[in-house]
J.: 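Before I ask anything, here is the structure I am working with.
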Amino acid sequence: MRVHFQRDVEKLKRAILALSAEVENDVRTAVRAIEDRDEDLARKVIDREAGTNSMEVDVEDECLKILALHQPVAGDLRYIIAVLKINKDLERIGDLAVHVAERALFLCGQPALDIPFRLGEMAEKAQAMLKAVLDAFVNLNADAARQVCTADSEIDAINRYVFLQVKKAVAETPANFEPLIQVLHIARHLERIADHATNIAEDLIYMVEGRIVRHTAEVSDKRVGKPQSA
Amino acid sequence: MSNNAAGATNAQKTATAEPLPETHVEAKGFSVYYRSNQAVKEVSLRIPAGCVTAIIGPSGCGKSTLLRAINRMNDLVPGCRTEGELLFSGQHLYQPDVDVVTLRRQIGMVFQKPNPFPKSVFDNVAYGPRLHQRLGQSELAQVVERSLVDAALWDEVKDRLESNAIGLSGGQQQRLCIARALAVDPQILLMDEPTSALDPRATLRIEDLIDELRGKYTIIIVTHNMQQAARVSEFTAFMYEGVLIEFGATKTMFTTPREKQTEDYITGRFG
């Protein structure tokens with residue numbers, strides 16, 4: 001029983017880590033597509049979506065199989081439950097990377113906007129959060145996960161800044177309305193990616209420490225309010 | 001049922017934030033020796049009244065010895081002696097003035113293998129009441145029926161109460177033994193691996209029955225089947241090499257056990 005269980009858990013670990021790597025790569029590529037105004041990169045991300053979705057289904061399938069066949073308890077149970085939830089967040093991050101790539105594709109066909117939106121900084125921070133939480137997941141490091149929760153408020157602040165900048169720019173140049181709305185969407189997608197990274201961090205803390213920290217002062221006072229534009 | 005568990009042990013306090021029910025059985029530094037071998041080592045715990053408490057642990061960990069100590073079944077084992085205190089509703093179980101026959105009426109026991117007497121179904125259940133009480137035939141019939149209903153066996157045997165109990169299936173025999181224990185109106189039911197000799201379907205019937213008896217009786221069950229402990233009990237005690245490693249709410253024990261030894265055992269890493 002133990003040997004079978006361990007073999008199945010190893011298989012699950014490989015699958016969820018492969019999905020993590022794929023999704024992290026998708027976000028990185030989508031952000032580069034905006035920065036470099038590179039249509040090919042954007043299309044690569046969009047084309048990969050089906051593969052990511054299928055990986056998510058495989059991970060869920062494996063979790064369900066382990067729950068049904070091995071009935072894990074304690075740390076083993078928390079691991080499977082956390083993977084099941086992290087899997088969903090990774091899939092959503094993959095979707096958001098595709099949305100960013102789609103906006104990038106649109107912006108590639110438009111003249112470049114010369115407004116300081118801090119999108120690059122925002123993308124960098126969101127990617128750093130994602131990388132940090134996935135590293136924490138690999139190392140089962142709850143302290144590192146807690147730091148990821150803290151970082152979320154910085155992204156939220158930039159998102160509010162982008163909203164105000166876009167609002168101002170639309171008022172000044174109504175003709176740019178459509179590309180500006182795309183910029184707002186990108187900021188929103190990056191902010192959501194950071195939110196999902198935070199969810200993963202919270203699930204990781206549960207996995208390691210057995211405590212549900214969601215909605216508790218421990219993490220929520222560091223996740224300040226969402227922008228009005230959302 | 002005295003000794004309100006307000007001053008519960010640290011283990012219990014940590015395990016559950018909710019106030020515990022009253023304590024029904026309490027061990028205080030309780031040990032059991034088989035000659036020089038200390039099978040149970042200074043165990044302290046409080047078993048809550050009206051709840052199902054499971055005792056788990058690998059073979060030879062002392063869980064059955066502890067269970068059997070609660071109705072002094074070990075008295076029959078040569079060379080067996082105890083140290084420390086074991087209290088039932090605040091009463092010291094091992095004091096010389098304890099009437100063991102009365103005690104065993106109050107604390108019934110169901111064993112691993114069903115052990116009906118080679119008598120009729122009716123006589124099996126009526127055996128205890130005939131021994132302990134003087135009842136008329138109709139009162140006795142009422143007690144037998146109530147016990148068989150409580151043991152979820154009545155519908156299956158009501159038309160063959162005079163048949164020999166040996167002819168019942170294994171699962172029915174085990175429920176008959178439970179009915180026999182219930183017939184003398186005990187407060188506590190001790191179950192020593194009550195389903196290990198039964199098939200999955202009969203096991204399920206017993207587990208359902210345990211659930212129905214919850215609240216009416218304090219049930220203490222020793223089981224090797226950890227999923228069973230998780231399914232049927234509200235509290236779990238984990239023992240290893242005679243020592244009580246951890247005691248707490250079953251939900252906590254099976255999701256976030258405090259002790260590494262508990263985690264290793266319930267996840268199958270040893271034992």
Side-chain angles (χ1 to χ4, degrees), chain A residues 1-13 16 62-87 136-137 139-143 145-146 199-219, chain B residues 11-18 52-59 61 195-196 200 203-204 207 221 223-240 244-271:
Chain A
M1 150 98 182
R2 282 310 305 173
V3 175
H4 294 159
F5 176 73
Q6 274 161 358
R7 194 173 53 216
D8 286 351
V9 166
E10 281 308 316
K11 189 176 166 197
L12 176 66
K13 257 182 205 169
I16 189 84
E62 199 59 31
C63 286
L64 295 177
K65 185 185 111 185
I66 291 174
L67 286 173
L69 300 189
H70 302 291
Q71 296 144 25
V73 293
D76 293 338
L77 174 68
R78 299 202 306 273
Y79 182 81
I80 305 301
I81 295 299
V83 165
L84 206 49
K85 295 173 82 180
I86 289 169
N87 184 43
F137 177 48
N139 300 316
L140 300 179
N141 185 338
D143 289 332
R146 261 186 281 276
N199 291 349
I200 294 174
E202 289 166 351
D203 289 334
L204 183 55
I205 294 169
Y206 169 72
M207 182 198 287
V208 177
E209 297 179 355
R211 293 181 308 116
I212 298 173
V213 296
R214 219 165 47 250
H215 315 304
T216 61
E218 187 176 339
V219 291
Chain B
Q12 285 171 328
K13 275 186 195 165
T14 320
T16 167
E18 290 171 19
V52 180
T53 298
I55 308 177
I56 59 169
S59 297
C61 73
T195 64
S196 61
T203 296
L204 194 66
E207 288 182 7
I221 175 171
T223 176
H224 267 126
N225 181 335
M226 267 169 303
Q227 267 76 39
Q228 180 170 72
R231 279 193 298 268
V232 304
S233 73
E234 289 131 297
F235 294 90
T236 299
F238 168 58
M239 291 182 69
Y240 183 61
L244 176 71
I245 303 293
E246 189 167 347
F247 177 82
T250 299
K251 175 178 165 265
T252 311
M253 292 276 279
F254 283 89
T255 54
T256 48
R258 228 176 29 255
E259 303 295 330
K260 189 172 181 308
Q261 272 176 303
T262 314
E263 169 113 18
D264 287 350
Y265 179 68
I266 64 174
T267 56
R269 286 176 173 83
F270 85 93

J.: Within this structure, what is the CZ-OG1 distance for the pair A:R78 and B:T256, rounded to the nearest 0.5 Å?
T.: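 It is 6.0 Å, given to the nearest 0.5 Å.
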
J.: Test side-chain contact (heavy atoms from CB on, under 4.5 Å) on A:V73 and B:T267; report intermediate values, then the result.
T.: CA-CA 6 Å; A:V73 293; B:T267 56; 4.1 Å; yes

J.: How close do B:R269 and A:D76 get, heavy atom to heavy atom, and via which atoms?
T.: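 Looking at all heavy atoms of both residues, the shortest contact is NH2-OD1, 2.9 Å.
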
J.: So, the side chain of A:Q71 versus the backbone of B:Q227: is there a donor-acceptor pair under 3.5 Å, distance only?
T.: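 Not at all, since once roles are kept as given, no pair shorter than 3.5 Å links the two residues.
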
